[in-house]
Amino acid sequence: MALLELYTEYNRVWIPDAEHVWKSAEITRDFHSGDNVLQLLLEDGTEYHHPIDPSDPPKLPPLRNPDILVGENDLTALSYLHEPAVLHNLKVRFVESKIIYTYCGIILVAVNPYKQLPIYGDAIIHAYSGQNMGDMDPHIFAVAEEAYKQMARNHKNQSIIVSGESGAGKTVSARYAMRYFAVVSKSGSKTRVEDKVLASNPITEAIGNAKTTRNDNSSRFGKYTEISFDKRYRIIGANMRTYLLEKSRVVFQADNERNYHIFYQMCSCADLPEFKNLRLCDAENFRYTCMGGDITIEGVDDKKDMEETQRTFSLLGKDDFQADVFKVLAAILHLGNVEIRNSGDDKSSLSDPHLAVFCELLGVSVEGLVRWLCHRRIVLVAETVVKPVPKERAVNARDALAKQIYAHLFDCVINRINTALKVPGKQHAFIGVLDIYGFETFDINSFEQFCINYANEKLQQQFNLHVFKLEQEEYMKEDIPWTLIDFYDNQPVIDLIEAKMGILDLLDEECLFPQGTDQSWLQKLYNYLETNALFEKPRLSNEAFVIQHFADKVEYQCRGFLEKNRDALYEELVDIMRDSKFPFLANFFQEEDNTVNSKGVKVRPARPGVKPANKQLRTSVGDKFRSSLSLLMETLNATTPHYVRCIKPNDEKLPFEYDSRRVVQQLRACGVLETIRISAQSYPSRWTYIEFYSRYSILMSPQEADLNDKKQTCKNVLSRLIQDSNQYKFGRTKIFFRAGQVAYLEKLRLDRLRGACITIQKHVRGWSRRRKYLRMREAAIILQQYIRGKRTIRAATLKQGWAAIVIQRHWRGYRMRQIYQLVRLASITIQAFTRGWMARKRYKKMMEEHKVLVLQKYARAWLARRRFQTMRRLVLNVQLSYRVQQLRKKIEEQVRILIIPIVISANGCFNFCLISDAFRHFQEKAEELEEVKRELQARVEDLEEENDHLKRQQLMESEAKIKLRHETSRLTAENMDFEEQLDQKDRLIRKLQNQIKSLETSQKGRGVTPSPAIPKDYLGMLEYKREDEPRLIQNIILDLKPKGVVVNMIPGLPAYILFMCVRHADYLNDEAKLKSLMNAIIGGVKKVIMSYHKDFELLSFWLSNMYQLLNCLKQYSGEEEFMKQNTPRQKKNCLQNFDLSEHRQILSDLAIHIYHQFITIMEKSLTPAIVPGILEHESLQGISSMKPTGFRKRSNSIYEDSEAYTVSSVIQQLSFFHSTMTQHGMEQVLIKQAVKQLFFLVGATTLNNIMLRKDMCSCRKGMQIRCNISYLEEWLKEKELQNSNAIDTLKPLTQAAWLLQVNKSTDDDAKEIAEKCTELNPVQIVKILNSYTPIDDFEKRVSSSFVRKVQSLLQHREGSTQLMLDADYRFQVTFPFCSSSQALELLQVPNSLHLGFLTRI
């Protein structure tokens, strides 16, 4: 099928667009050769005529892939491979599906989401561990696992190359890759090397990362970390190499940028005691930290980061190293604040308190530093001249010193990290992780960008060769003729930079001249490289040059190239640093002796260097970078590389926002499009024969589909469908298609499906119309019969009918009256009885209330009388007192009345008789009053005594109550003390009785008295001699094989035999023998379990027997709660002398240990079959959920001859487990717990794979999963395990399968999902919705708006936020007591056990 024939109506193409780079349009009219326009319909509904170049062949716009292929995990699986297809596929995955990783052949494209995602936990790591690359969704862990697997399988070193521009997420990706290795390859040693490898990241980020305008945590150096492994592929150490540290950032930062993080971390902790001697202050007060104007980063706490930095520093050695590092860093900050003044006549001077602090911290001479910052020594032939320098050069010298010290410090820290990561032991292999800057182009590009792009040219060349090599290997493996593919070779650009008389060579040559300038060097470039097609001179500038890199043209400004390449520092300043009293600093510059004036980034040289004789012939920065880069390429070429390309989706750092223009720039620069171009030139789409047969069997004729040889069937079908044999090739295991052929096959498949749908619709609609017509015809005939009178109704019939109606009316009236009368009579009767019952109930209630009122009346009367009497006594007392007082007053008044007339009359005429009569009368009255007074006083005293007596009586009653309460509490406490003493006495009596019995037994043994009479019937005990105990343990535990004894024995016989021996020891009351036997049993079982910890049947056997022995110890313990179901004989056989509760606890712990080991073995056996059997296997025939991914797995990435599992394999394995447990007599309670744990493993493993496999998230796959779950339910019913709650553990998986099948478009659908998916957390629901993948064009993707609706409905749901279920979770095991009906006295010991030394009692 020629590509030109695909430009037909309804197909879609991509046309260039200024805003979105590419936009889609639909063809409205077939294109024919010779047409000069292509008629299109844009997505906004406007028509567009796209001009076509009439050349041969015509340059047509690229075709758009069918929607079914959009969103693929691998970009090379697309039928049409070109830039717009790649850009659109990445956008769909990133924006709609929220997937950040995508494969592009051997490259992993990682788009920075600018948001924390729950896809990096340990559960995710374990899910990817051991998986083949391509079996699961793209991930950085998949690349790491591929590297680890190839290292272990091929015994070859590996490399992971992580690149991308600043802010794309390189450092994070490299960190996750190293974390993966640390988790999956534990060192197993006490040194915990993997923890140290991860701990080195905070240190390197603190001293090597800074905030830039593009990234808040930008790495300003390249890093290659070699992680070493031993022969068992466990981490034993690591080594780090760094490249091209940006030293200029120490002394200069652009606007809105920061210096290295460590400076701000130290300033934030200036008030801490350990930093007091450094005399630090806020970062805004230091020149080197406030140049960019922005000293903080949003969301970053420098003080907290400093704590992490200090913690990880402690892993590198002693605290004094950390203190020395901080001292040097503080000195650099103080050096930056040293003010240099202009003294006139090209002279400068300085006197600054910061200088004194700098010299004090580093132990250098203040005078010498002041002198040589402001002066320079010039060595002539005859003399040496010291010349002052102007302020500008003095400032440059100060900054050069700061840069030099920081570079040395950086190298020292890296060396210390390498020393800490070095562990004794021979390295067997290593995996290198390269975190290096990507291709950079700015408005102003200088020496740093030149070196970065030079490094990317070398890496791109290595990448091109590797891709070319893999393509060739794939073709050779499939026996397909190899044709030479044209690919971009950037060797000419590399030669332009590094060859003789190249840019670097001319730069080093110019640096040798003392008077050399950037302008003179640039002029040499113009003169020597003018003829090179990759080198250009800008039209409007004489201070720049242009290089045509593989990614783009870049214009470099020549200013500063010479200075940065020289990286000069005055020799006098080096001598001052070398003479420092601070050994840590002095050692930095000792290494520079007679070698390098400026030590840039420390690397291992590719070859031993030769010490130059002249100080002027020192190695330049460019030369060192070239050497280290050559060494790096040497290392990478000796390893198997794996590529990770990090993409920055937008410059505003907005989460899941996609700027097509920014993305396409990076895709062009990082080699992704080059991979696409190479793939597109050959056969990019590659499907296995099984995938092709499953997908396109609908295009096969019945004769072709009946063939048993599917491979030959595929060949026959393809030969018929695609006439041009050059458009495809048949390999040994795959079919290779050229670009566009898969889209053509999809079009044929869609046409066939559409035709089949039309045929089905035609027949269904015809059947429906015919059925409707027949019903209408029948109704019309019936109407015609009535209208035409075919069914005439005669008058007699009408009269009979009318008479019948009258009779029915009277009869029904009569019947209704009878029924009414019966109902009325019944209602009246019911009402009478009901009313009587209610009246009696009301009367009874009234009587109760009346009686209560009577009681209340008498009670209240008694209380009222009592209260009245009390009040009356009080009133009488008061009245008495008052009356006495009144009487006294009255008597006194009468006396005065009687005396006054007498005195007056005595003055007039004296009548003695009258006076004497009055006096006698007065005396009599007085005496009567005195008697009344005495009576009243006596009565008052009586009342007061009675009142006092009542008060004393009340007080005594209250005191008696208090004493009674105290006495009650005292007696209760004494009672408890007596009970405790009684228990102690009972225990003492029992202990003494046991001692007495043991003494009697020992005396009987020594004496000649005969043994107790043995009853004639058996007692259910086995006697053995003490010396036979090892033989008993050896025969019944250590040498016992489950298969050899279970067939002819009752289940649990070893447990019964051991318990009968325990009973005999208890019967003899021999405590030593009993303890020895119990310890021997426990030790023997432990030994067997340790020796055969992988033997499933043996673990099952001893789990069953330990449980049975535990039940026997409970059943015959004599405790009431365990004896409820015992027979009288079993109650008689209970243990009499010893309490074995402590041994029961030990046996329970041992049984728990056996159970967990037992579950572990079953899980290991079942796990390989879960995903293929439950998730991948298609039980429903004719409903294929397979959508070929086209992912080109690496030839050495998959295991050969892997076993194919189905759901039947899972059920067969479960049946084997169940039959073995049943055969060993395991209690049903334990079987249910084990089955529940296995079902949880099935559900969790399957669901976790769904979360990590986008290709499994489809409607048809949901149907297949639910069908497979139904098989598991049937198995539970067959084994009578429905009440084990095992099926409940599959609820999350069941709901996930339902979610894949349900409609996902309306608000009602969203509400239904939120209501029914209760076992899935919001993260899992959203992940499934975003990953939903249509299998056919008839299905629709889940819209982003619908996902947001579901998220809004789930935002208040509480629960876990983890994406993965913990498949290692274990339900708590319990051993409930199960009474045994087995009679111990009836058990016999088989001869096959060789236990003849046991005697039945």
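Each residue takes its place number in the sequence, starting with 1.
Considering all non-hydrogen atoms of both residues, V1229 and C1378 come closest at CG2-SG, 4.4 Å. When every heavy atom of H1093 is checked against every heavy atom of L1099, the shortest pair comes out as O-CD1, 3.6 Å. Of all heavy-atom pairs spanning F1122 and K1114, the tightest one is CB-O, 3.1 Å. Minimum interatomic distance between A1286 and K1236 (heavy atoms only, all atoms of both residues): CB-CA, 3.8 Å. What you find for L1247 and L1293 is that their closest heavy atoms are N-CD1, 4.2 Å. Closest non-hydrogen pair, L1068 versus K1073, comes out as CD1-NZ, 4.2 Å.
At a cut-off of 3.5 Å, with distance as the only test, a side-chain donor of D1149 or Q1145 sits close to an acceptor on the other residue. Inspection of the Q1362 and N1321 side chains reveals no N or O donor paired with an N or O acceptor under 3.5 Å. With no hydrogens or angles considered, a side-chain donor-acceptor pair links N1283 and K1232 at under 3.5 Å. For the 3.5 Å distance criterion, the side chains of Q1115 and S1380 fail to qualify, holding no donor opposite an acceptor. Using modelled atom types, one finds a donor on one side chain and an acceptor on the other under 3.5 Å when comparing S1100 with H1224.
Judged purely by atom type and a 3.5 angstrom limit, T1246 has no side-chain atom pairing as donor or acceptor with the backbone of G1243. A donor-acceptor pair is defined here as one N or O able to donate and one able to accept, closer than 3.5 Å; such a pair exists between the side chain of S1165 and the backbone of I1161. With hydrogens and angles ignored, the 3.5 Å screen pairs a side-chain donor or acceptor of K149 with a backbone N or O of Q131. Counting only distance, with no hydrogens or angles, the side chain of N1248 and the backbone of L1365 share a donor-acceptor pair below 3.5 Å. In terms of modelled atom types and a separation under 3.5 Å, the side chain of N1111 and the main chain of F1377 share no donor-acceptor contact. For R1266 (side chain) and T1294 (main-chain N/O), no donor-acceptor pair under 3.5 Å exists by modelled atom type. Put simply, the side chain of T1245 gets close to the backbone of L1241: a donor and an acceptor are under 3.5 Å apart. Between the side chain of T1206 and the backbone N or O of S1208, at least one donor-acceptor pair lies under 3.5 Å.
Atoms CD and OG1, from Q1295 and T1318 in turn, are 4.5 Å apart once rounded to the nearest 0.5 Å. Here the straight-line distance linking atom CG of L1074 with atom CG of N1137 works out to 9.5 Å at 0.5 Å rounding. Atom CZ in F1397 sits 11.0 Å away from atom CD in E1027 (nearest 0.5 Å). Here the straight-line distance linking atom CD of E1280 with atom CD1 of I1231 works out to 11.5 Å at 0.5 Å rounding. Taking CZ of F1240 as the reference point, atom CG of N1285 lies at 14.0 Å (rounded to 0.5 Å). If you take CG on L1363 and CD1 on I124, they are separated by 5.0 Å, rounding to the nearest 0.5 Å.
Heavy atoms of other residues, nucleotides or ligands lying less than 6.0 angstrom from OH of Y1092 number 12 at most. Counted within 6.0 Å of CD on E1029, heavy atoms from surrounding residues, nucleotides or ligands total more than 12; the atom is thus considered enclosed. Within 6.0 Å of CZ in R1370 there are more than 12 heavy atoms belonging to other residues, nucleotides or ligands. Heavy atoms from other residues, nucleotides or ligands lying under 6.0 Å from CD of Q1125 number 12 at most.
The pair R153-E145 does not meet the salt-bridge criterion, since no charged nitrogen lies less than 4.0 angstrom from a carboxylate oxygen. R1063 and D1066 are not joined by a salt bridge, as no carboxylate oxygen comes within less than 4.0 angstrom of a charged side-chain nitrogen. Residues K1075 and E1142 are not paired through a salt bridge, judged by the lack of any N-O separation under 4.0 Å between the basic side chain and the carboxylate.
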Exercise. After noting the C-alpha distance and the side-chain angles of C1267 and E1178, does the key distance pass the side chain to side chain contact (heavy atoms under 4.5 Å, CB included) rule?
Worked result: CA-CA 9 Å; C1267 178; E1178 298 182 349; over 6 Å; no

For this session: List the steps, then state whether side chain to side chain contact (heavy atoms under 4.5 Å, CB included) holds for F1138 with N1069.
Result: CA-CA 8 Å; F1138 297 104; N1069 198 19; 3.1 Å; yes

For this session: Determine, stepwise, if the pair L1272 / L1214 fulfils side chain to side chain contact (heavy atoms under 4.5 Å, CB included).
Result: CA-CA 10 Å; L1272 296 178; L1214 291 173; 4.1 Å; yes

For this session: Dump the intermediate steps for salt bridge (charged side-chain N to carboxylate O under 4.0 Å, His left out) on R1031 and D1028, then the final yes or no.
Result: CA-CA 5 Å; R1031 292 174 59 195; D1028 290 332; 3.5 Å; yes

Problem set entry | Worked check of side chain to side chain contact (heavy atoms under 4.5 Å, CB included) between L1022 and H1064 | CA-CA 6 Å; L1022 292 175; H1064 182 261; 5.9 Å; no

For this session: Go through Q1136 and Y1067 one step at a time and tell me if the side chain to side chain donor-acceptor pair (under 3.5 Å) criterion holds.
Result: CA-CA 7 Å; Q1136 301 295 328; Y1067 173 74; over 6 Å; no

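Centroid-to-centroid, the aromatic rings of F1059 and Y1116 come within less than 6.0 Å. F1371 has its ring centre less than 6.0 Å from the ring centre of Y1369. For F1096 and F1158, the ring centers are positioned less than 6.0 Å apart. Two rings, from Y1107 and Y1155, have their centers 6.0 Å or more apart.
The closest side-chain heavy-atom distance from L1040 to V1088 is not below 4.5 Å. Within the 4.5 Å cutoff, no side-chain heavy atoms of T1220 are placed close to those of F1101. Looking at W1275 and L1281, their side chains come closer than 4.5 Å, going by heavy atoms from C-beta outward. Within the 4.5 Å cutoff, the side chain of H428 has no heavy atoms near those of the F229 side chain. Between V184 and Y128 there is no side-chain heavy-atom pair separated by less than 4.5 Å. By the 4.5 Å heavy-atom criterion applied to side chains, I1081 and L1077 are counted as neighbours. Between E1023 and R1400, every side-chain heavy-atom pair lies at or beyond the 4.5 Å cut-off. Annotation: side chain of V1210 is not in contact with side chain of N1268 (no heavy-atom distance under 4.5 Å).
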